[in-house]
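Read the structure below first, then the notes.
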Amino acid sequence: MFDTLSDRLSATFKNLRGKGRLSEADIDATAREIRIALLEADVALPVVRAFIANVKERARGAEVSQALNPAQQVVKIVNEELVAILGGETRRLRFAKTAPTVIMLAGLQGAGKTTLAGKLGLWLKGQGHSPLLVACDLQRPNAVNQLSVVAERAGVAVYAPEPGNGVGDPVQVAKDSIEFAKAKVHDIVIVDTAGRLGIDQELMQQAADIRDAVSPDEILFVVDAMIGQDAVNTAEAFRDGVGFDGVVLSKLDGDARGGAALSIAHVTGKQVMFASNGEKLEDFDAFHPDRMASRILDMGDLLTLIEQAEKTFSQEEAAKMASKLQSSKGGKDFTLDDFLAQMEQVRKMGSISKLLGMLPGMGQIKDQINNIDERDIDRTAAIIKSMTPKERAEPTIINGSRRARIAKGSGVEVSAVKSLVERFFEARKMMSKMAQGGGMPGMPGMPGMGGGPGRQKKQVKQAKGKRKSGNPMKRKAEEQAAAARREQAAAQGGAFGLPAQDGGKDFELPDEFKKFM
(Lines give C-alpha, C1' and ligand atoms only; values in the text may rest on other atoms or scores of the structure.)
Protein backbone atom coordinates (compact mmCIF):
# COMPACT_ATOMS: atom_id res chain seq x y z
CA MET A 1 0.00 0.00 0.00
CA PHE A 2 2.81 2.43 0.84
CA ASP A 3 5.05 1.53 -2.11
CA THR A 4 4.62 4.87 -3.91
CA LEU A 5 5.22 6.91 -0.76
CA SER A 6 8.21 4.75 0.17
CA ASP A 7 9.77 5.16 -3.29
CA ARG A 8 9.37 8.95 -3.23
CA LEU A 9 10.87 9.29 0.24
CA SER A 10 13.78 6.98 -0.62
CA ALA A 11 14.57 9.07 -3.72
CA THR A 12 14.41 12.26 -1.64
CA PHE A 13 16.84 10.98 0.99
CA LYS A 14 19.17 9.65 -1.69
CA ASN A 15 19.76 13.23 -2.88
CA LEU A 16 20.94 14.20 0.61
CA ARG A 17 23.59 11.51 0.94
CA GLY A 18 27.18 12.61 0.73
CA LYS A 19 26.47 16.16 1.91
CA GLY A 20 28.55 17.11 4.90
CA ARG A 21 26.34 20.08 5.67
CA LEU A 22 22.74 20.90 4.80
CA SER A 23 21.91 24.43 3.68
CA GLU A 24 18.54 26.17 4.00
CA ALA A 25 17.94 25.40 0.32
CA ASP A 26 18.60 21.69 0.91
CA ILE A 27 16.14 21.59 3.80
CA ASP A 28 13.46 23.46 1.84
CA ALA A 29 13.90 21.21 -1.21
CA THR A 30 13.68 18.08 0.97
CA ALA A 31 10.57 19.37 2.75
CA ARG A 32 8.97 20.17 -0.62
CA GLU A 33 9.61 16.64 -1.91
CA ILE A 34 8.24 15.09 1.29
CA ARG A 35 5.15 17.30 1.05
CA ILE A 36 4.50 16.21 -2.54
CA ALA A 37 5.05 12.55 -1.59
CA LEU A 38 2.52 12.78 1.26
CA LEU A 39 -0.08 14.60 -0.83
CA GLU A 40 0.28 12.04 -3.62
CA ALA A 41 -0.26 9.32 -1.00
CA ASP A 42 -3.63 10.98 -0.21
CA VAL A 43 -2.64 12.10 3.28
CA ALA A 44 -5.01 14.74 4.70
CA LEU A 45 -3.80 18.32 4.12
CA PRO A 46 -3.85 19.37 7.83
CA VAL A 47 -1.71 16.34 8.64
CA VAL A 48 0.76 17.20 5.86
CA ARG A 49 1.07 20.80 7.05
CA ALA A 50 1.72 19.81 10.65
CA PHE A 51 4.18 17.10 9.59
CA ILE A 52 6.23 19.38 7.29
CA ALA A 53 6.29 22.21 9.86
CA ASN A 54 7.71 19.89 12.52
CA VAL A 55 10.30 18.39 10.16
CA LYS A 56 11.52 21.80 8.96
CA GLU A 57 11.73 23.18 12.48
CA ARG A 58 13.78 20.25 13.72
CA ALA A 59 15.94 20.08 10.56
CA ARG A 60 17.01 23.69 11.08
CA GLY A 61 17.96 23.01 14.69
CA ALA A 62 21.17 21.90 16.32
CA GLU A 63 20.42 18.19 16.05
CA VAL A 64 21.06 18.36 12.28
CA SER A 65 23.59 21.19 11.98
CA GLN A 66 25.90 19.56 14.54
CA ALA A 67 25.35 15.96 13.39
CA LEU A 68 28.20 13.97 11.85
CA ASN A 69 25.87 12.79 9.10
CA PRO A 70 23.11 15.39 8.50
CA ALA A 71 21.30 13.24 5.91
CA GLN A 72 20.87 10.36 8.36
CA GLN A 73 19.71 12.80 11.01
CA VAL A 74 16.97 14.08 8.67
CA VAL A 75 15.85 10.49 8.03
CA LYS A 76 15.72 9.99 11.82
CA ILE A 77 13.57 13.11 12.21
CA VAL A 78 11.17 12.02 9.44
CA ASN A 79 10.92 8.57 11.02
CA GLU A 80 10.09 10.02 14.45
CA GLU A 81 7.48 12.40 12.98
CA LEU A 82 5.91 9.51 11.02
CA VAL A 83 5.64 7.53 14.24
CA ALA A 84 3.98 10.56 15.87
CA ILE A 85 1.28 11.01 13.21
CA LEU A 86 0.63 7.26 13.18
CA GLY A 87 -0.26 7.46 16.87
CA GLY A 88 3.01 7.26 18.80
CA GLU A 89 3.14 4.25 21.11
CA THR A 90 1.30 1.00 20.42
CA ARG A 91 -2.19 1.04 21.97
CA ARG A 92 -3.23 -2.19 23.70
CA LEU A 93 -6.73 -3.52 24.38
CA ARG A 94 -8.30 -2.61 27.72
CA PHE A 95 -9.69 -5.65 29.48
CA ALA A 96 -12.54 -5.49 31.97
CA LYS A 97 -11.76 -6.10 35.65
CA THR A 98 -14.63 -8.59 35.71
CA ALA A 99 -15.15 -10.87 32.71
CA PRO A 100 -16.41 -10.75 30.07
CA THR A 101 -14.63 -7.93 28.24
CA VAL A 102 -17.02 -6.54 25.61
CA ILE A 103 -15.58 -5.33 22.28
CA MET A 104 -17.99 -3.69 19.84
CA LEU A 105 -17.12 -3.44 16.13
CA ALA A 106 -18.67 -0.62 14.14
CA GLY A 107 -18.28 0.89 10.68
CA LEU A 108 -19.75 1.15 7.21
CA GLN A 109 -20.99 -1.79 5.18
CA GLY A 110 -18.19 -3.42 3.19
CA ALA A 111 -15.43 -2.31 5.58
CA GLY A 112 -14.82 -5.94 6.56
CA LYS A 113 -16.27 -6.04 10.09
CA THR A 114 -17.54 -9.64 9.95
CA THR A 115 -14.28 -11.10 8.65
CA LEU A 116 -12.35 -8.94 11.09
CA ALA A 117 -14.44 -10.29 13.99
CA GLY A 118 -13.11 -13.77 13.11
CA LYS A 119 -9.53 -12.48 12.80
CA LEU A 120 -9.72 -10.70 16.14
CA GLY A 121 -11.25 -13.83 17.72
CA LEU A 122 -8.43 -16.01 16.39
CA TRP A 123 -5.80 -13.49 17.54
CA LEU A 124 -7.26 -13.36 21.06
CA LYS A 125 -7.60 -17.15 21.15
CA GLY A 126 -3.87 -17.39 20.39
CA GLN A 127 -3.22 -15.27 23.49
CA GLY A 128 -5.08 -17.68 25.73
CA HIS A 129 -8.53 -16.06 25.76
CA SER A 130 -11.91 -17.64 25.05
CA PRO A 131 -13.73 -15.21 22.73
CA LEU A 132 -17.40 -15.32 21.70
CA LEU A 133 -18.55 -13.77 18.40
CA VAL A 134 -22.04 -12.22 18.50
CA ALA A 135 -24.11 -11.79 15.33
CA CYS A 136 -25.86 -8.40 15.64
CA ASP A 137 -25.81 -7.61 11.91
CA LEU A 138 -29.36 -8.74 11.19
CA GLN A 139 -29.94 -6.54 8.10
CA ARG A 140 -27.34 -7.62 5.53
CA PRO A 141 -28.23 -10.83 3.64
CA ASN A 142 -26.38 -13.88 4.97
CA ALA A 143 -24.37 -11.80 7.49
CA VAL A 144 -25.26 -14.19 10.34
CA ASN A 145 -24.30 -17.22 8.25
CA GLN A 146 -21.03 -15.56 7.23
CA LEU A 147 -20.09 -14.88 10.86
CA SER A 148 -20.86 -18.50 11.76
CA VAL A 149 -18.60 -19.78 8.98
CA VAL A 150 -15.79 -17.38 9.95
CA ALA A 151 -16.10 -18.40 13.62
CA GLU A 152 -15.87 -22.08 12.68
CA ARG A 153 -12.72 -21.45 10.63
CA ALA A 154 -11.18 -19.51 13.50
CA GLY A 155 -12.14 -22.21 15.99
CA VAL A 156 -14.07 -19.83 18.27
CA ALA A 157 -17.64 -19.86 19.58
CA VAL A 158 -20.50 -17.87 18.02
CA TYR A 159 -23.82 -16.60 19.42
CA ALA A 160 -26.40 -16.26 16.64
CA PRO A 161 -29.96 -16.83 17.96
CA GLU A 162 -31.62 -14.86 15.14
CA PRO A 163 -31.50 -15.87 11.44
CA GLY A 164 -30.94 -12.29 10.27
CA ASN A 165 -31.84 -11.15 6.74
CA GLY A 166 -34.03 -8.46 8.28
CA VAL A 167 -35.41 -10.62 11.12
CA GLY A 168 -34.64 -10.03 14.80
CA ASP A 169 -33.71 -7.28 17.26
CA PRO A 170 -29.94 -6.65 17.30
CA VAL A 171 -30.09 -4.73 20.60
CA GLN A 172 -31.74 -7.66 22.38
CA VAL A 173 -29.26 -10.13 20.84
CA ALA A 174 -26.37 -8.01 22.11
CA LYS A 175 -27.87 -7.81 25.59
CA ASP A 176 -28.57 -11.57 25.80
CA SER A 177 -25.04 -12.41 24.59
CA ILE A 178 -23.50 -11.10 27.81
CA GLU A 179 -25.45 -13.59 29.95
CA PHE A 180 -24.69 -16.36 27.45
CA ALA A 181 -20.96 -15.56 27.66
CA LYS A 182 -21.05 -15.67 31.48
CA ALA A 183 -22.87 -19.00 31.44
CA LYS A 184 -20.44 -20.55 28.94
CA VAL A 185 -17.36 -18.94 30.60
CA HIS A 186 -16.23 -16.79 27.67
CA ASP A 187 -13.96 -13.99 28.86
CA ILE A 188 -14.32 -11.82 25.72
CA VAL A 189 -17.43 -10.90 23.72
CA ILE A 190 -16.96 -9.48 20.19
CA VAL A 191 -20.15 -7.82 18.91
CA ASP A 192 -20.46 -7.60 15.11
CA THR A 193 -22.87 -4.77 14.24
CA ALA A 194 -24.64 -3.75 11.03
CA GLY A 195 -23.28 -1.14 8.66
CA ARG A 196 -24.71 1.14 6.00
CA LEU A 197 -23.47 2.37 2.65
CA GLY A 198 -23.10 5.80 4.20
CA ILE A 199 -23.51 7.61 7.50
CA ASP A 200 -27.24 8.01 8.32
CA GLN A 201 -29.40 8.52 11.39
CA GLU A 202 -30.66 4.92 11.47
CA LEU A 203 -27.09 3.54 11.58
CA MET A 204 -26.05 5.95 14.31
CA GLN A 205 -29.14 5.23 16.43
CA GLN A 206 -28.76 1.44 16.23
CA ALA A 207 -25.05 1.63 17.08
CA ALA A 208 -25.81 3.93 20.02
CA ASP A 209 -28.56 1.58 21.29
CA ILE A 210 -26.23 -1.45 21.17
CA ARG A 211 -23.54 0.59 22.93
CA ASP A 212 -25.95 1.55 25.71
CA ALA A 213 -27.22 -2.04 26.04
CA VAL A 214 -23.83 -3.77 26.51
CA SER A 215 -21.60 -0.92 27.79
CA PRO A 216 -18.56 -2.08 25.76
CA ASP A 217 -15.06 -1.79 27.18
CA GLU A 218 -13.74 -1.04 23.69
CA ILE A 219 -15.55 0.34 20.63
CA LEU A 220 -13.42 -0.31 17.55
CA PHE A 221 -14.16 1.58 14.36
CA VAL A 222 -13.37 -0.64 11.36
CA VAL A 223 -12.32 1.37 8.32
CA ASP A 224 -11.41 0.28 4.80
CA ALA A 225 -7.88 1.59 4.21
CA MET A 226 -8.50 1.69 0.45
CA ILE A 227 -11.23 4.37 0.38
CA GLY A 228 -8.86 7.29 0.91
CA GLN A 229 -9.91 10.54 2.58
CA ASP A 230 -13.54 9.45 2.85
CA ALA A 231 -12.36 7.07 5.58
CA VAL A 232 -11.22 10.06 7.63
CA ASN A 233 -14.52 11.91 7.08
CA THR A 234 -16.53 8.81 8.08
CA ALA A 235 -14.39 8.31 11.18
CA GLU A 236 -14.95 11.90 12.26
CA ALA A 237 -18.72 11.60 11.78
CA PHE A 238 -18.82 8.32 13.70
CA ARG A 239 -16.67 9.73 16.50
CA ASP A 240 -19.03 12.66 16.94
CA GLY A 241 -22.22 10.55 16.58
CA VAL A 242 -21.51 7.39 18.60
CA GLY A 243 -17.91 7.58 19.68
CA PHE A 244 -15.15 4.97 19.48
CA ASP A 245 -11.97 4.13 21.37
CA GLY A 246 -9.70 2.84 18.61
CA VAL A 247 -9.42 2.24 14.88
CA VAL A 248 -8.92 -1.00 12.98
CA LEU A 249 -7.57 -0.73 9.42
CA SER A 250 -8.77 -3.44 7.05
CA LYS A 251 -7.48 -4.26 3.55
CA LEU A 252 -4.08 -2.77 4.30
CA ASP A 253 -2.61 -5.10 1.66
CA GLY A 254 -4.50 -3.30 -1.12
CA ASP A 255 -2.95 -1.14 -3.83
CA ALA A 256 -4.47 2.15 -2.65
CA ARG A 257 -2.17 4.99 -1.63
CA GLY A 258 -2.56 4.56 2.13
CA GLY A 259 -3.29 8.17 3.08
CA ALA A 260 -6.10 7.14 5.42
CA ALA A 261 -3.73 5.11 7.58
CA LEU A 262 -1.41 8.11 7.95
CA SER A 263 -4.24 10.59 8.57
CA ILE A 264 -6.88 8.94 10.71
CA ALA A 265 -5.02 8.84 14.04
CA HIS A 266 -3.93 12.48 13.78
CA VAL A 267 -7.33 13.80 12.65
CA THR A 268 -9.58 11.83 15.02
CA GLY A 269 -7.26 11.70 18.01
CA LYS A 270 -7.93 7.93 18.28
CA GLN A 271 -5.10 5.50 17.67
CA VAL A 272 -4.99 2.69 15.12
CA MET A 273 -4.98 -0.46 17.24
CA PHE A 274 -5.10 -3.31 14.71
CA ALA A 275 -4.37 -3.84 11.04
CA SER A 276 -5.64 -6.50 8.66
CA ASN A 277 -3.25 -7.06 5.75
CA GLY A 278 -4.55 -10.10 3.88
CA GLU A 279 -7.47 -12.40 3.20
CA LYS A 280 -6.44 -15.20 5.56
CA LEU A 281 -7.62 -15.16 9.18
CA GLU A 282 -3.96 -15.13 10.27
CA ASP A 283 -3.26 -11.89 8.35
CA PHE A 284 -4.03 -9.71 11.34
CA ASP A 285 -1.95 -8.16 14.11
CA ALA A 286 -1.62 -5.26 16.51
CA PHE A 287 -0.68 -1.98 14.81
CA HIS A 288 2.76 -0.70 15.79
CA PRO A 289 3.35 2.92 14.63
CA ASP A 290 7.15 2.62 14.89
CA ARG A 291 7.25 -0.56 12.79
CA MET A 292 4.92 0.89 10.16
CA ALA A 293 7.11 4.01 9.90
CA SER A 294 10.17 1.78 9.43
CA ARG A 295 8.43 -0.07 6.59
CA ILE A 296 7.48 3.18 4.88
CA LEU A 297 11.10 4.38 5.05
CA ASP A 298 12.35 0.97 3.76
CA MET A 299 14.12 0.26 7.05
CA GLY A 300 12.38 -3.08 7.43
CA ASP A 301 10.35 -4.57 10.25
CA LEU A 302 12.62 -7.12 11.89
CA LEU A 303 10.68 -7.19 15.17
CA THR A 304 7.52 -8.44 13.46
CA LEU A 305 9.61 -10.95 11.49
CA ILE A 306 11.18 -12.24 14.72
CA GLU A 307 7.77 -12.49 16.40
CA GLN A 308 6.39 -14.51 13.51
CA ALA A 309 9.42 -16.80 13.59
CA GLU A 310 9.02 -17.35 17.35
CA LYS A 311 5.38 -18.35 16.84
CA THR A 312 6.31 -20.87 14.13
CA PHE A 313 9.67 -22.35 15.13
CA SER A 314 10.06 -24.34 18.33
CA GLN A 315 13.25 -23.80 20.33
CA GLU A 316 13.69 -27.55 20.65
CA GLU A 317 13.66 -28.06 16.89
CA ALA A 318 15.96 -25.08 16.33
CA ALA A 319 18.47 -26.45 18.85
CA LYS A 320 18.31 -29.88 17.21
CA MET A 321 19.04 -28.40 13.76
CA ALA A 322 21.86 -26.27 15.14
CA SER A 323 23.53 -29.28 16.76
CA LYS A 324 23.43 -31.14 13.43
CA LEU A 325 25.04 -28.21 11.62
CA GLN A 326 27.68 -27.76 14.33
CA SER A 327 28.68 -31.44 14.39
CA SER A 328 32.23 -32.53 13.67
CA LYS A 329 31.05 -34.05 10.39
CA GLY A 330 30.79 -30.59 8.84
CA GLY A 331 26.99 -30.52 8.89
CA LYS A 332 26.56 -33.82 7.05
CA ASP A 333 24.04 -34.91 9.70
CA PHE A 334 21.71 -32.26 8.24
CA THR A 335 19.63 -34.22 5.71
CA LEU A 336 17.07 -33.44 3.04
CA ASP A 337 14.37 -34.39 5.56
CA ASP A 338 15.63 -31.61 7.84
CA PHE A 339 15.79 -29.26 4.85
CA LEU A 340 12.16 -30.07 4.01
CA ALA A 341 11.08 -29.54 7.62
CA GLN A 342 12.75 -26.12 7.68
CA MET A 343 11.03 -25.10 4.43
CA GLU A 344 7.65 -26.14 5.76
CA GLN A 345 8.25 -24.12 8.92
CA VAL A 346 9.09 -21.04 6.85
CA ARG A 347 5.96 -21.60 4.78
CA LYS A 348 3.85 -21.53 7.94
CA MET A 349 5.13 -18.02 8.64
CA GLY A 350 3.25 -16.76 5.59
CA SER A 351 4.01 -15.42 2.14
CA ILE A 352 7.71 -15.44 1.23
CA SER A 353 7.25 -12.06 -0.48
CA LYS A 354 5.86 -10.52 2.72
CA LEU A 355 8.65 -12.02 4.82
CA LEU A 356 11.34 -10.64 2.49
CA GLY A 357 9.57 -7.28 2.47
CA MET A 358 10.21 -6.99 6.23
CA LEU A 359 13.97 -6.95 5.68
CA PRO A 360 15.71 -3.56 5.49
CA GLY A 361 16.44 -2.24 1.99
CA MET A 362 14.15 -4.71 0.22
CA GLY A 363 12.16 -1.83 -1.30
CA GLN A 364 14.92 -1.47 -3.90
CA ILE A 365 14.14 -4.94 -5.30
CA LYS A 366 10.42 -5.09 -4.57
CA ASP A 367 9.61 -5.94 -8.20
CA GLN A 368 11.72 -9.11 -7.96
CA ILE A 369 10.17 -9.92 -4.56
CA ASN A 370 6.64 -9.48 -5.90
CA ASN A 371 7.45 -11.84 -8.77
CA ILE A 372 8.55 -14.68 -6.48
CA ASP A 373 6.61 -17.84 -7.30
CA GLU A 374 5.32 -19.18 -3.98
CA ARG A 375 4.78 -22.57 -5.65
CA ASP A 376 8.55 -23.13 -5.90
CA ILE A 377 8.51 -24.40 -2.31
CA ASP A 378 5.76 -26.87 -3.24
CA ARG A 379 7.81 -28.11 -6.20
CA THR A 380 10.89 -28.52 -4.01
CA ALA A 381 8.84 -30.42 -1.43
CA ALA A 382 7.45 -32.69 -4.17
CA ILE A 383 10.98 -33.53 -5.37
CA ILE A 384 12.21 -34.38 -1.86
CA LYS A 385 9.12 -36.46 -1.08
CA SER A 386 9.70 -38.46 -4.29
CA MET A 387 13.04 -39.68 -2.90
CA THR A 388 13.55 -42.80 -0.81
CA PRO A 389 14.48 -42.38 2.89
CA LYS A 390 18.05 -43.43 2.08
CA GLU A 391 18.34 -40.84 -0.71
CA ARG A 392 17.14 -38.09 1.62
CA ALA A 393 19.67 -39.15 4.27
CA GLU A 394 22.55 -39.57 1.76
CA PRO A 395 21.96 -37.33 -1.28
CA THR A 396 25.41 -38.26 -2.62
CA ILE A 397 24.04 -41.63 -3.85
CA ILE A 398 21.59 -39.91 -6.24
CA ASN A 399 22.94 -40.83 -9.69
CA GLY A 400 21.48 -40.42 -13.17
CA SER A 401 18.92 -43.26 -12.98
CA ARG A 402 17.76 -42.17 -9.53
CA ARG A 403 17.37 -38.56 -10.75
CA ALA A 404 15.23 -39.78 -13.65
CA ARG A 405 12.98 -41.74 -11.28
CA ILE A 406 12.65 -38.82 -8.84
CA ALA A 407 11.87 -36.39 -11.67
CA LYS A 408 9.16 -38.69 -13.01
CA GLY A 409 7.64 -39.10 -9.56
CA SER A 410 7.53 -35.36 -8.84
CA GLY A 411 6.54 -34.22 -12.34
CA VAL A 412 9.62 -32.08 -13.02
CA GLU A 413 12.60 -32.15 -15.35
CA VAL A 414 15.72 -34.16 -14.44
CA SER A 415 17.70 -30.92 -14.39
CA ALA A 416 15.45 -29.61 -11.60
CA VAL A 417 16.35 -32.60 -9.40
CA LYS A 418 20.06 -32.13 -10.09
CA SER A 419 19.82 -28.41 -9.37
CA LEU A 420 18.02 -29.02 -6.07
CA VAL A 421 20.63 -31.48 -4.82
CA GLU A 422 23.47 -29.11 -5.76
CA ARG A 423 21.74 -26.18 -4.04
CA PHE A 424 21.20 -28.32 -0.94
CA PHE A 425 24.92 -29.13 -0.69
CA GLU A 426 25.81 -25.45 -1.05
CA ALA A 427 23.19 -24.38 1.50
CA ARG A 428 24.31 -27.04 3.98
CA LYS A 429 27.93 -25.95 3.65
CA MET A 430 27.03 -22.30 4.18
CA MET A 431 24.74 -22.99 7.17
CA SER A 432 27.39 -25.23 8.74
CA LYS A 433 29.97 -22.45 8.52
CA MET A 434 27.53 -19.96 10.03
CA ALA A 435 26.54 -22.35 12.84
CA GLN A 436 30.22 -22.86 13.73
CA GLY A 437 30.74 -19.09 14.02
CA GLY A 438 32.45 -18.71 10.68
CA GLY A 439 30.07 -16.14 9.24
CA MET A 440 28.71 -16.24 5.74
CA PRO A 441 31.08 -17.69 3.12
CA GLY A 442 32.06 -15.41 0.30
CA MET A 443 31.59 -12.15 2.22
CA PRO A 444 34.91 -10.34 2.64
CA GLY A 445 36.12 -8.92 5.88
CA MET A 446 34.32 -11.25 8.31
CA PRO A 447 35.57 -14.37 10.12
CA GLY A 448 35.57 -17.46 7.97
CA MET A 449 34.40 -15.59 4.88
CA GLY A 450 35.88 -15.45 1.43
CA GLY A 451 38.07 -12.45 2.15
CA GLY A 452 38.40 -12.95 5.89
CA PRO A 453 41.59 -12.91 7.92
CA GLY A 454 41.91 -16.69 7.69
CA ARG A 455 42.24 -16.64 3.90
CA GLN A 456 43.69 -13.34 2.85
CA LYS A 457 47.14 -12.04 3.52
CA LYS A 458 47.57 -9.21 5.91
CA GLN A 459 47.54 -6.03 3.90
CA VAL A 460 48.28 -3.67 6.77
CA LYS A 461 52.00 -3.58 7.43
CA GLN A 462 53.34 -2.81 10.87
CA ALA A 463 54.42 0.77 11.32
CA LYS A 464 58.16 1.01 10.94
CA GLY A 465 60.32 2.75 13.50
CA LYS A 466 62.69 5.61 12.70
CA ARG A 467 65.19 4.51 10.10
CA LYS A 468 68.83 4.29 11.23
CA SER A 469 71.56 5.87 9.20
CA GLY A 470 73.82 3.63 7.12
CA ASN A 471 76.87 5.75 8.08
CA PRO A 472 78.51 4.19 11.21
CA MET A 473 79.80 7.54 12.52
CA LYS A 474 76.45 9.24 12.05
CA ARG A 475 74.55 6.30 13.60
CA LYS A 476 76.81 6.39 16.69
CA ALA A 477 76.18 10.12 17.12
CA GLU A 478 72.39 9.56 16.91
CA GLU A 479 72.55 6.81 19.56
CA GLN A 480 74.56 9.05 21.91
CA ALA A 481 72.07 11.90 21.49
CA ALA A 482 69.16 9.54 22.23
CA ALA A 483 70.93 8.25 25.39
CA ALA A 484 71.47 11.85 26.56
CA ARG A 485 67.75 12.64 26.09
CA ARG A 486 66.75 9.58 28.12
CA GLU A 487 69.09 10.57 30.99
CA GLN A 488 67.65 14.10 31.00
CA ALA A 489 64.10 12.74 31.09
CA ALA A 490 65.00 10.42 33.98
CA ALA A 491 66.39 13.36 35.96
CA GLN A 492 63.26 15.51 35.44
CA GLY A 493 60.72 12.73 35.91
CA GLY A 494 59.68 9.31 34.68
CA ALA A 495 58.93 8.23 31.17
CA PHE A 496 55.63 9.52 29.67
CA GLY A 497 55.86 12.53 32.03
CA LEU A 498 55.31 10.37 35.15
CA PRO A 499 57.27 11.31 38.29
CA ALA A 500 60.30 9.16 39.09
CA GLN A 501 59.60 6.43 41.63
CA ASP A 502 61.64 4.47 44.17
CA GLY A 503 64.31 7.05 44.81
CA GLY A 504 64.58 8.42 41.31
CA LYS A 505 64.32 5.10 39.49
CA ASP A 506 62.45 5.57 36.24
CA PHE A 507 59.17 3.82 35.41
CA GLU A 508 59.98 0.41 33.90
CA LEU A 509 58.20 -0.74 30.75
CA PRO A 510 57.27 -4.40 30.27
CA ASP A 511 59.83 -6.34 28.22
CA GLU A 512 57.51 -6.77 25.24
CA PHE A 513 57.25 -2.98 24.85
CA LYS A 514 60.97 -2.20 25.17
CA LYS A 515 61.64 -3.05 21.53
CA PHE A 516 59.57 -0.03 20.51
CA MET A 517 61.74 2.41 22.49
Please walk me through it: do V48 and I34 pass side chain to side chain contact (heavy atoms under 4.5 Å, CB included)?
CA-CA 9 Å; V48 176; I34 295 173; over 6 Å; no
What's the verdict on side chain to side chain contact (heavy atoms under 4.5 Å, CB included) for F284 and L120, showing C-alpha distance, side-chain angles and the deciding distance?
CA-CA 8 Å; F284 174 86; L120 180 58; 3.9 Å; yes
Go through the steps to decide whether E80 and R58 satisfy the test side chain to side chain contact (heavy atoms under 4.5 Å, CB included), and finish with yes or no.
CA-CA 11 Å; E80 290 172 355; R58 292 182 61 183; 2.4 Å; yes
K184 vs L132, test: side chain to side chain contact (heavy atoms under 4.5 Å, CB included). Steps then yes/no.
CA-CA 9 Å; K184 298 295 183 180; L132 171 71; over 6 Å; no
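Atom CE of M273 is separated from atom CG of L220 by 5.5 Å, given to the nearest 0.5 angstrom. Rounded to the nearest 0.5 angstrom, D224 CG and L108 CG are separated by 9.5 Å. With rounding to the nearest 0.5 Å, the separation of CD1 in I219 from NZ in K270 is 9.5 Å. Atom OG of S215 sits about 10.5 Å away from atom NZ of K175, to the nearest 0.5 Å. Rounding to the nearest 0.5 Å places CG of L124 at 10.5 Å from OG of S130. In this structure, CG in L38 is found 11.0 Å from CG in L45, a value given to the nearest 0.5 Å.
Relative orientation of the H186 and F180 rings is parallel, given thresholds of 30° and 60° on the angle between their planes. Note: F424 and F339 have perpendicular aromatic rings, judged against thresholds of 30 and 60 degrees for the angle between ring planes.
T101 contributes no side-chain N or O that, together with a main-chain N or O of I188, makes up a donor-acceptor pair within less than 3.5 Å. Although no hydrogens or angles enter the test, the distance criterion places no donor-acceptor pair under 3.5 Å between the side chain of S410 and the main chain of S386. Between the side chain of R239 and the main chain of T268, a donor-acceptor pair closer than 3.5 Å is present. A donor-acceptor contact shorter than 3.5 Å is absent between the side chain of D337 and the backbone of R392. Using a distance-only test at 3.5 Å, with no hydrogens or angles considered, no donor-acceptor pair links the side chain of T193 to the main chain of C136.
Residue G118 comes nearest to V150 through the heavy atom pair CA-CG1, 3.3 Å, listed as atom of the first residue, atom of the second, then distance. The shortest heavy-atom contact between D217 and D245 is O-OD2, 3.9 Å. The two residues G164 and V144 make their nearest non-hydrogen contact at CA-CG2, 3.9 Å. Nearest heavy-atom pair across D290 and V83 is CA-CG2, 3.6 Å. Closest non-hydrogen pair, Q271 versus A265, comes out as CA-CB, 4.4 Å. Taking each heavy atom of A237 and M204 in turn, the nearest pair found is O-CE, 3.5 Å.
Taking the centre of each ring, F274 and F287 stay at or above the 6.0 Å mark.
With a 4.5 Å cut-off on side-chain heavy atoms, V102 and I190 do not count as touching. Residues V173 and Y159 are in side-chain contact: their nearest non-hydrogen atoms beyond the backbone lie under 4.5 Å apart. The side-chain heavy atoms of V223 and F238, taken from C-beta on, include no pair separated by under 4.5 Å. Here the side chains of I178 and V214 are in contact, with some heavy-atom distance below 4.5 Å. Using a 4.5 Å heavy-atom threshold, the side chains of L336 and L340 count as separate. At least one side-chain heavy atom of P100 sits less than 4.5 Å from a side-chain heavy atom of K182. Contact of the L147 side chain with the V134 side chain is not registered, since no non-hydrogen atoms from C-beta on lie closer than 4.5 Å. Residues V191 and I103 fail the side-chain proximity criterion, which asks for heavy atoms closer than 4.5 Å.
With 3.5 Å as the limit, one finds a donor-acceptor pair spanning the side chains of D192 and T114.
For E218, the salt bridge (charged side-chain N to carboxylate O under 4.0 Å, His left out) test picks out R91, R94, with sequence neighbours left out. K113 pairs by the side-chain hydrogen bond (donor to acceptor under 3.5 Å, both in side chains) definition with nothing, not counting sequence neighbours. Applying the salt bridge (charged side-chain N to carboxylate O under 4.0 Å, His left out) test to D169 and every residue at least two apart in sequence or in another chain returns nothing. In terms of the salt bridge (charged side-chain N to carboxylate O under 4.0 Å, His left out) criterion, residue partners of E33 (sequence neighbours excluded) are, by chain and number, R8. Applying the side-chain hydrogen bond (donor to acceptor under 3.5 Å, both in side chains) criterion to D176, with sequence neighbours excluded, gives Q172. Looking at residues two or more places apart in sequence or on another chain, you find no salt bridge (charged side-chain N to carboxylate O under 4.0 Å, His left out) involving D187.
Looking at D283 and K280, no side-chain N of the basic residue comes within less than 4.0 Å of a carboxylate O on the acidic one, giving no salt bridge. Between E282 and K119 there is no salt bridge, since no side-chain nitrogen of the basic residue lies less than 4.0 Å from a carboxylate oxygen of the acidic one.
Sparse packing is recorded around CD of E89, with 12 or fewer heavy atoms of other residues, nucleotides or ligands lying under 6.0 Å away.
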